[in-house]
Amino acid sequence: MTISKTYDPREAEEKWYSYWMEKKFFHSEPDDREPYTIVIPPPNVTGVLHMGHMLNNTIQDVLVRRARMKGFNACWVPGTDHASIATEAKVVAMLREKGISKRDLTREQFMEHAWEWKKKYGGIILEQLKKLGASCDWERQRFTMDPALSDAVIDTFIHLHKKGLLYRSLRMVNWDPVGRTAVSDEEVIRKEVNQKLYYVKYLVAGSDPEAEWVTIATTRPETIMADTAVCVNPSDTRYTHLQGKTLIVPLVDRRIPVIADDYVEMDFGTGCLKVTPAHDPNDYELGLKHGLEVIDILTEDGRLNEQARVCVGEDRFAARKEVARLLSEAGLLEKIEDYKSQVGFSERTDAVIEPRLSLQWFVRMKDLAAPALEAVEKGEVQLIPSKFTATYRYWMEHVKDWCVSRQLWWGQQIPAWYDTQGDYVIAKTAEEAVAMFAEKGNSLTRNDIHQDEDVVDTWFSSWLWPISVFDPSVFGDPKNPGNADLRYYYPGNDLVTAPEILFFWVARMIMAGLEFRGEIPFRNVYLTGIVRDKQGRKMSKSLGNSPEPQGLIDKYGADGVRVGMLLSSPAGNDLLFDESYCEQGRNFANKIWNAYRLIKGWEVATAAGEKKSATNGNTEAIAWFESRFRAELENIEQLFAQYRLSDALMAVYKLVWDDFCSWYLEMIKPDYGKPMDPDTHGATIAFFEDLLKLIHPFMPFIAEELWHELAERDEKDCIIVTAWPRQQAFNRERLDEMERVIGVVSQLRNIRNEKQIPFKTELPLSVRSANQDMYRRYEPVIRKLAHTGPLQLVNEQAPGVAFLVGTDEFFTDLGSNIDMKAERERMSKELIYLQGFLRSVQAKLSNERFVQNARPEVVENERQKKADAEAKINALEKNLAGLE
RNA sequence: GGGAGCUUAGCUCAGCUGGUUCAGAGCACCUGCCUUACAAGCAGGGGGUCACUGGUUCGAACCCAGUAGUUCCCACCA
């Protein structure tokens with residue numbers, strides 16, 4: 001049977017993923033093992049996989065697979081988020097295409113359409129994760145609007161209300177005119193925008209219109225019809241005479257007072273501020289303070305209403321231009337300047353946020369934030385990398401109340417019930433509400449009350465995610481046996497997510513965990529970087545700079561892509577994604593594949609005489625690689641402990657490629673046509689198996705494929721559930737020895753390269769050293785890798801080219817093929833370097849302050865360096881003299 | 001405006017408590033090789049004033065101060 005020269009991932013990926021599913025290797029049930037839990041950051045149910053998901057889920061899968069192999073009961077819970085604004089917007093758009101308007105539908109009808117949509121498109125992203133190899137427990141898949149999870153949301157709403165942490169209030173909120181809903185402060189993204197600053201004249205009432213006016217600078221001329229005052233700084237002498245006077249609002253001729261308040265900066269614009277309480281949060285505050293009228297001139301979708309009297313029905317941005325034109329016509333527009341300022345955009349719809357006065361529900365955050373901050377400060381929850389702790393602290397200390405109501409249907413309906421007077425109670429059902437009204441002495445029937453039309457913010461359900469995926473009752477209903485899961489899996493171990501949602505989600509989960517369970521939701525938060533393109537731009541659909549994940553998987557294999565994602569993305573660092581990383585991953589898979597091909601091709605000797613590996617150097621090679629593996633395993637474990645996954649991967653990469661393939665396999669490779677002795681063969685298979693185990697979390701498919709190729713396995717003997725290699729003591733001396741041997745081989749290869757001596761030509765080799773016995777042991781290795789003749793042990797300088805490995809002197813006689821002059825030059829150069837080095841060491845040692853102040857081991861080290869250098873110089877000088 | 005981080009090879013990044021021949025890795029690059037596992041490969045090699053300036057120290061990529069550039073977070077100057 002011939003084996004393909006390159007690894008073909010496609011078949012293996014399909015085969016093994018379904019095999020793992022079939023054998024339920026991803027599924028977890030509580031047992032007596034220690035749990036290892038990750039809950040997936042639930043992607044938007046209508047979303048498709050993008051590069052951020054690829055990175056994020058690769059990392060989670062690496063952690064989960066390793067934990068599983070380490071003997072933990074690993075459970076990775078997948079699921080999706082209902083993402084109320086985004087999804088509702090998509091459903092509305094879909095309906096519009098069908099010629100249906102949301103307004104024509106009842107809430108129930110709309111929800112039917114929405115669920116249908118969810119059913120149709122909701123699973124796409126999770127299917128894509130399977131292609132990546134994500135070993136989620138699909139039997140535990142959850143959705144934030146599953147009935148039970150929604151129940152939990154309502155329960156927590158009621159709980160917070162009872163505790164006085166939730167209230168309803170008329171406030172200036174961030175209004176998204178496209179989504180037609182309020183959004184929280186965190187959902188507003190500020191961006192710098194080029195704007196215009198309009199200088200508008202307001203005439204003073206009762207004076208000669210030509211004679212007296214004030215000029216006011218504004219970026220929003222379309223709101224002047226809502227002005228109810230003009231404000232100046234009380235100590236601004238330019239305007240003292242105006243205080244108490246009345247101005248005329250342009251275009252609508254309304255009379256408004258001039259008021260004074262320190263809030264106004266004298267040196268911005270003209271020092272005069274138009275006050276529009278309905279459309280600016282600061283103006284609203286000013287209005288409250290000064291008892292101003294509130295005139296709301298905007299509709300919920302951002303158009304001007306009848307109150308505006310001008311441009312009625314026009315969109316706010318069209319109206320801005322139109323009002324400017326009208327002002328200009330009226331001779332009231334003094335000038336327009338370019339101006340840059342920060343404008344808020346809706347995170348979900350990208351619409352410009354409109355401050356809007358409305359009645360909304362708020363969560364009082366201060367008391368929730370304090371313990372959540374403490375959990376991070378005390379290290380109970382660890383942020384990785386820790387640099388995010390400072391930002392986290394700042395946010396928690398300056399947290400503002402959270403507007404949780406959304407004027408949408410897709411989500412959990414707020415459990416507030418109103419009577420006809422607008423009086424309300426918070427209750428889970430209408431019946432309970434009626435009873436609660438009755439208790440208040442308000443005797444009503446079911447038909448007299450109605451439920452709040454709004455739903456809660458999506459994050460108000462996702463902050464429960466680490467709890468509700470295990471026990472939807474959240475508070476641990478003793479009647480619900482499901483909370484055995486919660487007791488077992490909660491709190492989770494690691495959470496892997498993007499820093500962008502540290503406050504949206506992570507902080508709130510910590511609050512919810514502490515508030516509702518009295519316990520943190522997870523111990524470590526691994527914050528990934530943002531995936532950017534090569535030019536450092538964030539990958540986005542609109543830029544079209546994001547590769548299609550499935551296309552990448554088709555091209556490089558899932559393993560290759562996983563490696564590509566990880567290679568250059570240390571925690572918290574942005575990843576400048578480049579396809580060539582995936583190529584490197586694919587090449588690595590191919591390298592592993594070919595190592596397998598080599599081993600597979602060996603014929604194993606059965607003759608008694610061939611069983612011994614002692615004479616061919618294999619014993620040394622095996623002993624070395626065993627120690628090499630153990631040493632590197634120790635290093636890899638440390639890297640994992642620090643969540644340095646890309647470094648861990650690189651360590652595995654080098655262990656496989658360099659140590660195993662380039663050195664070990666070359667050392668033990670039998671001559672052409674010769675069989676392999678069984679001892680070496682057995683040891684090599686065992687090494688390869690151990691390496692596959694280390695490879696598996698990163699590249700699960702090829703690891704599983706080769707695991708089964710290497711040996712006959714029982715049905716359930718899969719690498720995914722095989723025990724991770726155990727850390728064991730290693731022999732440092734072996735490592736040091738082989739390091740020297742490798743040094744000798746490298747030097748000889750170098751000489752061949754320089755002198756253009758083909759590998760076929762055997763090189764003579766002599767050594768003068770105190771370690772001659774050691775070199776004798778490794779002689780077969782050196783002869784094989786460097787193709788030298790028998791190793792001559794000498795006590796004097798031998799003819800030919802000389803080189804040093806440590807302080808051991810080697811000589812190879814190249815006969816006439818030697819350029820004496822060049823050799824002298826090379827050696828002189830080295831000599832000069834060594835002499836310089838020695839001088840610096842001597843300088844250090846003769847410095848009394850160094851010897852006194854430095855730690856003793858440092859001084860000792862310097863002495864050693866000095867002795868080494870002296871020995872080397874001595875050898876070099878002699879060799880140089882010998883060349884004369 | 002406030003805060004945090006970053007600046008090391010052509011690129012992406014390691015470099016722990018200041019001290020090992022400490023200036024590293026991967027990729028890219030250059031040279032030579034189709035050697036019977038792998039050209040998606042093998043062997044070898046060249047690349048850096050550790051952003052800049054000053055300070056502390058016996059000793060600084062590492063600690064301190066300042067400067068420049070850069071990224072992110074936060075913030076209601078119309």
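All of these numbers come straight from a predicted model, not from anything done at the bench. Letters go in sequence order (proteins before strands), and every chain restarts at 1.
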Distance-only donor-acceptor test (3.5 Å): side chain A/Arg586, base B/A40: yes
Sugar-phosphate only, base, or nothing, as touched by A/Asn847 at under 4.0 Å among non-hydrogen atoms: sugar-phosphate
B/G19 OP1/OP2 closer than 4.0 Å to side-chain N/O of A/Arg849: no
Nucleotide nearest A/Lys844 when distance is taken to its side chain, options B/C38, B/A25, B/G19: B/G19
Nearest-neighbour nucleotide for the A/Lys591 side chain, B/A14, B/C42, B/C58 considered: B/C42
Gap in Å between the two P atoms, one belonging to B/G46 and one to B/G26, rounded: 14 Å
Geometric class of the A/Tyr653/A/Trp657 ring pair [parallel <30°, tilted 30-60°, perpendicular >60°]: tilted
Salt bridge (Lys or Arg N to Asp or Glu O under 4.0 Å) involving A/Arg356 - partner list, sequence neighbours excluded: none
Where the chi angle of B/G47 falls, syn if within 90° of 0 and anti if not: syn
Closest to the A/Arg597 side chain, choosing from B/A14, B/C38, B/C42: B/C38
Nearest non-hydrogen partners of A/Ile592 and A/Met699, listed with the distance: CD1-SD, 4.1 Å
P spacing across the pair B/U35 / B/G41, given as an integer number of angstrom: 16 Å
Nucleotide of B/C38, B/G44, B/A78 approaching A/Glu666 most closely (side-chain heavy atoms): B/C38
Between A/Glu579 and A/Tyr556, a side-chain donor and acceptor under 3.5 Å: yes
First encountered from the 5' end of RNA chain B, between A/Ala217 and A/Ser580: A/Ser580
ring-ring contact (aromatic ring centres under 6.0 Å, His included) partners of A/Phe837, counting only residues at least two apart: none
Phosphate-side-chain proximity, A/Asn861 and B/G19, N/O vs OP1/OP2 below 4.0 Å: no
Contact pattern, 5' to 3', of nucleotides 69-76 of chain B - B, S or - by protein heavy atom under 4.0 Å: ----SSBB
Ranges pairing with ranges for RNA chain B, where each run has three or more Watson-Crick or G-U pairs under 3.5 Å: B:1-7 with B:68-74, B:10-13 with B:24-27, B:29-33 with B:41-45, B:51-55 with B:63-67
First encountered from the 5' end of RNA chain B, between A/Arg749 and A/Gln584: A/Gln584
Counterpart residues, side chain to side chain donor-acceptor pair (under 3.5 Å), relative to A/Asn635 (two or more places apart): A/Glu632
Distance flag, aromatic centroids of A/Trp593 and A/Tyr596, threshold under 6.0 Å: yes
Output field: ring centroids A/Tyr664/A/Phe687 closer than 6.0 Å: yes
Plane angle bin for A/Phe660 and A/Phe625 - parallel if under 30°, tilted between 30 and 60°, otherwise perpendicular: tilted
base_contact_polar (B/C38 base, A/Lys5 side chain, donor-acceptor, <3.5 Å): no
Euclidean distance for C1', B/A61 against B/U49 (whole angstrom): 12 Å
Phosphate-side-chain proximity, A/Lys669 and B/U35, N/O vs OP1/OP2 below 4.0 Å: no
Report, one pair per line, the protein and nucleotides 28-33 of chain B atoms (nitrogen or oxygen only) whose separation is under 3.5 Å.
none

Between B/A23 and B/G18 - C1' atom distance, rounded Å: 15 Å
Under 3.5 Å side-chain donor-acceptor pair for A/Lys400 and A/Ser184: no
